[in-house]
Amino acid sequence: MGDMNVVKVEAYRNSFLKEVEANVEGGQWVKMCMQCGVCSGSCPLGSAWDHPPQELFMMIRAGKREEVLTSSSMWMCTSCYNCIVRCPRDLPITHIMHGLAHYAERLGLAPKNQPTRKFAKLFWNNLVKKGRVNELKLGVALYFMNGLVEGIKTALKMAPLGLNMLKTKRMNPLEYVGGHGIKDAAGLQAILKKARAIELAKAKKA
Amino acid sequence: MADVKIGAYICKGCGIGERLDAKQMMQVASRDAKAHLVREHEFLCNAEGVQMIKNDIANEGVNRVAICACSRRSKTDAFNFEGVAITRGNIREGVIWVRPNTEEARETTQEMAEDYVRMAVIEAKFMTPPSKNTEAKYDRTILVVGGGVSGMTSAIEAAKAGYPVHIVEKASALGGNAANFLRRVPQKSPYANPEDSGVAGLIKAIQADSKIKVHLNSTITRTSGAPGRFAVDITTESGATATEHFGAIVQATGFHDYDANKLPELGYGKSPNVVTQLELEKMAKAANGAVLKTKDGKEIKSVVFVQCAGQRSSKEGHLPYCSGHCCSTSIKQAMYFKDQNPTIDTNVIYSDLRTPGTGGEEFYRSGQRKGVTFTKGVVSEVVNGSDGLDVKFKDLILNQDVVEKADLVVLATGMIANSGVNIDEVKQDEPGEWKSSPESVLNLSYRQGKDIPLLKHGFNDSHFICFPYETRRTGIYTTGPVRRPMDLLQAQEDATGAALKAIQSIESAAQGLAVHPRVGDLSFPSFRREGCTQCKRCTVECPFGAIDEDEQRFPVFNESRCRRCGTCMGACPVRVISFENYSVDTVGQQLKNINIPEEFEEKPRILVLACENDAYPALDMAAMRKIEYSAWARIIPVRCLGSVNLIWLTDALNSGYDGVVMMGCQKGENYQCHFVKGSEIAQVRMSKVDDTLKTLNLEVERVATYEVAITDIERAPRLINDMAEAVKKVGLSPFKF
């Protein structure tokens, strides 16, 4: 059996499972999956995933650390919660997917050009600045997410819609310059910084 | 028996009075059928109507009661009179409910009803009220063969109910396979951890019970007799034989492990560290809590369990069935390791994980919680690797070939029943030359062979779903894994059931009553020795091996072993076998005495012989739903299609019937026949009917045999109508007079 598919001998050991249990939100549930596949069948985007949830769980149990953490699959989750509702073993699958994505990101293993990952980062950076999402900025940032040329093309395409929104006063162009926020944005940032510190400390301990 | 005095009673309730001419039916009963006393009643099953019949029995000397009212399946409590023969003319479900209430149909409906009245009276004439079975004996002791968990449970339960028990055990100690278990799969909530096997407790209970006698190191060298009077030779290892008498027998001979040497691809025999579940159990029991080590003294750090090893497989030499307990057993055994040291890696490789029973799923979850890895996959090979064993398998979820290292590999091999000899393959001893066989469990002196017939895959059983516990030897009940693969909990429940069946059989035999399925039937077959040609068909075909042969090859009936199906009666070419209340005449005379209209009247007659267990109730239910069928049909219920004697067919065709429909139960592997083989035997006999038809110069379409289930409520009437259509096509029978 000399083919590429053959996994190294340390496969099917509990080591990676234990790592996931310690570091991933809901990770202690992974071992409870009974491989019925209802989650995979219920996922509206399932066919677009490289590895549906059930398969990810088996990969964790089979010790495929690299493949799991660099996978784009868990980034595909839209939090529709169909899988959680249907899982006969009550696994918080949606949470585990986000937990895995989060852990991969923390380790720097997450796929760099995964679009939902990029969107998540844009959204987050936009949000923490003033404590409110600046929709105009977020929208424009999304146009330019994949480079300048594509950004201009998309902006031109969307221009008539923007003008109509201006006319009907559905959009304020001044928002782009300042934009409204919460009363104490600095306070929020302090809270988030502290939360991050706690999280990292916890991860280090584990 | 005193003179025959037939009372015929015609009910006018349930709309019968409005639809049918009762006066006319009374005339038919008295003039045509010669009933001695005929009465009508507005509502026969009410207290007054029943009292009327009782008065006639008491005061008028009526000893045959023909009730022309509803189906024989209705109002059985009301129409239940001791000491007389009862017949039923089905003019409600059989006539008015299956015919339209129209002016055109009135005449044919009336004819139908009159025929059923005739049939009921004639049947009564040829019946005798069953007399007592002189063979009835009452021995209350139960023999339990096998001292494993099933056998011990049966013994304890029977003793608790007040019946003395003997246990015969081949080994030198009680306990069977389970005696080797370190622990068992939990039977109590929360179903999380393996628990004490319970074997020691059972042995203690048996030792403390004065009602239970144990014969260790003993086997059975001969079993003869019948329920209520079994005589059993119990022989010890040293050869000393004692004959004991029993009322019923529970066979709890259990199972043995599949021979894993047939699985060299899984490394068995090539490495000492590939073991079966039973062997691991022994290892664990011997270690008794100490750290488990491989044969070469290494501490075990990783274990792979291979599920379905040599079972659930169509490969030559493998077992085709699932043994039911092995998934739970592997979980339990993985816990032996995990509970001792959670860092030991345990991987259960399964293709379908099944943990039957109440706590099964909980136990599976508990295994997962403890960190046992479950992998859906198929193991192709286990080989000696550089460091321990290499388990090669295909992961079916990840669709990849994998090699996993393991210190120990456990094979989940299957159960094989200890069912003795296969009587279908072993030659039978001729009468007078019977010899004991060391391979046999029971060493029955029965004509059909020394052990109980097998159903499937070497297990002794009857129909799994419809008739659990039943075997094809009356008064002998199999229980535990000899009946079908099962786990300890199931075996214990099963054993309790078998004890109850054995008790029921003893009490029934004492009163001369039949057991399942004609529970309580007092009649039994008798035969006219002068007429017998010693053809042996009855002894061969009896589905229950109830008939032996004497040295002159005459049949010897054992009433208590008989289930009253009448298959012997159907088999007998010279028609010398009959029951008091069911004989060649009770049916034959019915069909001969109905009114066959002249050819020019263009009214065909179709005889329907319907199994009383399935087809007849299906037709009754069709009637309740008012599903109509042809007015040409005359339906006679039979105990089993196996009891149909070919003479009925020839008589029917000779007397001018235009078609005959026979309805029996499903035969073959998933049979539904209450008498196991009855419908099958009937089908074999009927397959030769075409020749008979040809010699009579009749069309083969005139006789049809069907398998009808109790649920065939719409199909059964349709089959009758189909025959009516077929008769229309081929024309009326040329045999009308």
Side-chain angles (χ1 to χ4, degrees), chain A residues 1-22 26-41 43 46 49-68 71 73 87-93 96, chain B residues 301-305 327 331 334 337-338 341-355 360-377 379-381 383 385-407:
Chain A
M1 290 207 296
D3 77 29
M4 298 279 292
N5 239 349
V6 176
V7 169
K8 295 286 170 331
V9 283
E10 57 273 19
Y12 298 87
R13 297 288 186 257
N14 281 349
S15 47
F16 182 45
L17 176 74
K18 282 186 181 135
E19 181 186 341
V20 168
E21 287 184 345
Q28 71 279 11
W29 282 93
V30 170
K31 60 176 180 273
M32 299 308 290
C33 168
M34 62 174 188
Q35 297 299 334
C36 66
V38 165
C39 51
S40 309
C43 181
W49 294 35
D50 288 344
H51 307 291
Q54 159 218 11
E55 217 171 285
L56 283 174
F57 297 149
M58 195 64 229
M59 287 162 78
I60 294 170
R61 303 200 304 215
K64 306 178 96 155
R65 184 176 191 275
E66 196 73 11
E67 266 184 75
V68 171
S71 169
S73 293
C87 176
R89 281 295 187 82
D90 294 335
L91 265 70
I93 300 167
I96 302 170
Chain B
K301 296 299 285 178
S302 57
V303 191
V304 169
F305 292 86
C327 286
I331 296 171
F337 294 98
K338 280 282 178 191
N341 178 1
T343 65
I344 297 175
D345 283 296
T346 51
N347 189 7
V348 178
I349 304 176
Y350 66 92
S351 57
D352 302 279
L353 200 81
R354 295 289 181 275
T355 52
E361 184 67 10
E362 286 300 331
F363 193 51
Y364 173 22
R365 267 190 251 222
S366 177
Q368 288 181 304
R369 248 176 238 123
K370 290 181 180 185
V372 179
T373 303
F374 292 88
T375 306
K376 190 176 171 76
V379 178
S380 53
E381 220 183 344
V383 292
S386 51
D387 179 27
L389 296 156
D390 282 348
V391 182
K392 297 182 183 174
F393 70 97
K394 186 178 185 69
D395 185 316
L396 293 174
I397 299 293
L398 304 180
N399 194 28
Q400 62 176 5
D401 294 314
V402 187
V403 181
E404 187 188 351
K405 282 233 167 281
D407 297 329

Interatomic distance, CG@A:Asn14 vs NZ@B:Lys338, rounded to 0.5 Å, equals 4.0 Å
Tell me which of these, A:Gln54, A:His51, A:Met34, A:Glu21, has more heavy-atom pairs under 4.5 Å with chain B than the rest. A:Met34
Any idea which heavy atoms bring B:Ile331 and B:Tyr364 closest together, and the distance? CD1-CA, 3.8 Å
What option among A:Met32, A:Arg61, A:Glu55 has the most heavy-atom pairs under 4.5 Å with chain B? A:Met32
Of the backbone (N, CA, C, O) and the side chain (C-beta and beyond), which part of B:Thr346 lies under 4.5 Å from a heavy atom of chain A, both, or neither? neither
Would you say the side-chain atoms of B:Thr375 and B:Asp395 include a donor-acceptor pair closer than 3.5 Å? no
Cation-pi, A:Phe57 ring and A:Arg89 (6.0 angstrom, 45 degrees): no
